[in-house]
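Each remark here refers to the structure printed beneath this line.
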Amino acid sequence: MELRLAGTIKESVVDGPGLRFVVFAQGCRHACKGCHNPETWDPLGGTAVAVEDLLGQIKAEKLIKGVTFSGGEPFLQATPLAWLGREVKKLGLDLITFTGYTWERLLALAQEDRAVEDLLRLTDYLVDSPFILAERDLELAFRGSRNQRIIEVAKSLKEGTVIEAGFA
Ligand code: SF4
């Protein structure tokens with residue numbers, strides 16, 4: 001199965017807690033002012049890769065604690081990323097997904113799109129909402145602006161309300 005990829009980082013310490021393999025999905029429609037990765041916006045940019053090959057690269061990284069899906073907008077490619085996320089979880093790794101959608105918007109999208117629901121449920125921590133330049137804060141852990149939240153997905157779905165992570 002193919003994924004349009006902007007790039008990867010094999011060992012990152014800035015895209016979530018612990019050492020992480022980061023997959024940057026290509027394509028984004030949010031057009032946030034001040035976006036650091038505008039080259040990821042074009043859905044036809046980047047390169048097409050097989051998610052099976054990405055999984056092989058992830059398996060080769062023996063020291064990582066987890067995998068982060070970033071972008072771009074990962075939920076625009078929810079089908080291949082849900083496949084990859086499922087395999088990542090089978091390895092005992094945790095999964096963080098960044099999105100420019102709000103939690104509330106994603107829940108609505110998940111009602112219409114099974115792959116969006118799958119990717120959301122496979123995600124341990126969701127960093128939600130678009131980057132807002134006026135709310136930029138360089139002191140925040142793992143995100144760029146104060147409106148963005150680090151959400152514990154399973155707990156939030158169970159409780160029916162947003163529960164932010166302790167390290168947020
Ligand atoms: S969601 Fe992320 S990649 Fe997309 S425009 Fe906003 S900051 Fe850039």
Side-chain angles (χ1 to χ4, degrees), residues 1-18 20-49 51 54 57-58 66-85 88 94-113 115-153 156-157 162-165 167-168:
M1 195 183 308
E2 278 199 344
L3 173 77
R4 202 85 204 165
L5 183 74
T8 59
I9 298 176
K10 291 188 190 322
E11 294 183 351
S12 167
V13 292
V14 297
D15 296 286
R20 314 190 66 80
F21 191 106
V22 188
V23 175
F24 293 95
Q26 180 71 28
C28 186
R29 297 184 191 133
H30 300 293
C32 306
K33 195 177 170 193
C35 169
H36 281 263
N37 300 315
E39 64 283 358
T40 66
W41 291 7
D42 180 359
L44 300 176
T47 51
V49 296
V51 280
L54 273 179
Q57 291 178 37
I58 290 167
V67 172
T68 296
F69 293 161
S70 187
E73 174 51 65
F75 281 93
L76 288 182
Q77 300 191 78
T79 299
L81 286 176
W83 182 90
L84 186 58
V88 160
D94 64 47
L95 180 63
I96 295 180
T97 305
F98 283 72
T99 181
Y101 294 111
T102 62
W103 169 261
E104 294 76 10
R105 179 75 186 123
L106 261 190
L107 289 186
L109 289 174
Q111 303 257 331
E112 301 158 12
D113 187 331
V116 168
E117 183 184 2
D118 287 349
L119 180 54
L120 183 61
R121 288 186 180 277
L122 286 161
T123 297
D124 294 291
Y125 297 103
L126 182 85
V127 185
D128 88 327
S129 299
F131 171 70
I132 297 180
L133 192 55
E135 296 191 36
R136 182 171 62 170
D137 186 341
L138 299 176
E139 303 294 315
L140 294 169
F142 313 125
R143 66 223 129 113
S145 58
R146 283 186 297 275
N147 62 302
Q148 296 172 314
R149 302 168 289 188
I150 305 178
I151 298 170
E152 293 203 33
V153 174
S156 298
L157 289 173
V162 169
I163 296 175
E164 295 191 49
F167 57 84

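Side chains are part of it too, since the values below use all heavy atoms of this structure and drop only hydrogens, waters and symmetry mates. Atoms within each ligand, like the ligands themselves, are counted from 1 in listed order.
At least one heavy atom of Ala31 sits under 4.0 Å from some atom of ligand 1. The closest approach between a heavy atom of Trp41 and any atom of ligand 1 is below 4.0 Å.
The single protein non-hydrogen atom nearest to atom 2 (Fe) of ligand 1 is Gly72 O, 4.4 Å, given as residue, atom name and distance. With hydrogens left out, the protein atom closest to atom 8 (Fe) of ligand 1 is Cys35 SG, 2.3 Å, a heavy atom. Nearest protein neighbour of atom 6 (Fe) of ligand 1, counting heavy atoms only, is Cys32 SG, 2.3 Å.
We find that Arg143 and Asp137 are not joined by a salt bridge, their nearest charged nitrogen and carboxylate oxygen being 4.0 Å or further apart.
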Apply side-chain contact (heavy atoms from CB on, under 4.5 Å) to the pair Thr97 and Phe75, showing each step before the final yes or no.
CA-CA 9 Å; Thr97 305; Phe75 281 93; 3.7 Å; yes
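Per-residue contacts place Cys28 under 4.0 angstrom from the following atoms of ligand 1 (heavy atoms of the residue considered): 1 (S), 3 (S), 4 (Fe), 5 (S).
Counting only heavy atoms from C-beta outward, the side chains of Asp128 and Val162 never approach each other to under 4.5 Å. Between Trp83 and Leu122, every side-chain heavy-atom pair lies at or beyond the 4.5 Å cut-off.
Within 6.0 Å of atom CZ in Arg136, 12 or fewer heavy atoms from other residues, nucleotides or ligands are found, so the atom counts as exposed in its surroundings.
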